[in-house]
Amino acid sequence: MRRSRNEVARWRMLRQVVHRRRSRWLEGQSRRYKRIHSIRHQLAQQQRRSILSVYYAKYVIVVAGSDRSGVSRTAGRGMTP
């Protein structure tokens, strides 16, 4: 059955509207996902930095507290280490 030009145009417009709605919805989803992904990434980076700073602080305290020469500071002075 042959369709009239008006009917064909009406169906085409409806398909375009549906496609436009679907693509805009998909773009919105992508934008939201990108935002959520960046927030998660920032949180992970922040946690990683805080863990590294704790390890670094621990290392600095251990190295600063130990004598690098291997000899006790109190040795030879009559004091107990």
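Everything numeric in this text was worked out from a predicted model, so none of it was measured.
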message = According to side chain to side chain contact (heavy atoms under 4.5 Å, CB included), who are the partners of R3, at least two apart in sequence or on a separate chain?
response = E7, V8

inquiry  = Under the rule for ring-ring contact (aromatic ring centres under 6.0 Å, His included), what residues qualify as partners of H41, not counting sequence neighbours?
reply    = none

ask   = Can you list the residues that meet the ring-ring contact (aromatic ring centres under 6.0 Å, His included) rule with Y56, with sequence neighbours excluded?
value = none

inquiry  = Applying salt bridge (Lys or Arg N to Asp or Glu O under 4.0 Å) as the test, list every pair that has at least one member in residues 15-27; sequence neighbours left out.
reply    =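 Pairs touching residues 15-27 that pass the test: E27-R31.
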
query = Which pairs count as side chain to side chain donor-acceptor pair (under 3.5 Å) when at least one residue sits in residues 43-54, sequence neighbours excluded?
reply =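 Qualifying pairs: Q45-R48.
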
message = How long is the straight-line distance from CD of Q29 back to CD1 of I36, given to the nearest 0.5 Å?
response = 9.0 Å

request  = Rounded to the nearest 0.5 Å, what's the gap from CZ on R5 to CZ on R10? Could you check?
outcome  =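 That separation rounds to 14.0 Å.
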
request  = Kindly indicate, with the supporting measurements, whether the criterion side-chain contact (heavy atoms from CB on, under 4.5 Å) is fulfilled by R32 and R35.
outcome  = CA-CA 5 Å; R32 283 183 211 106; R35 188 166 189 277; 5.7 Å; no

request  = Sorted by first residue and then second, give each ring-ring contact (aromatic ring centres under 6.0 Å, His included) pair with at least one member in residues 4-26; sequence neighbours left out.
outcome  = none

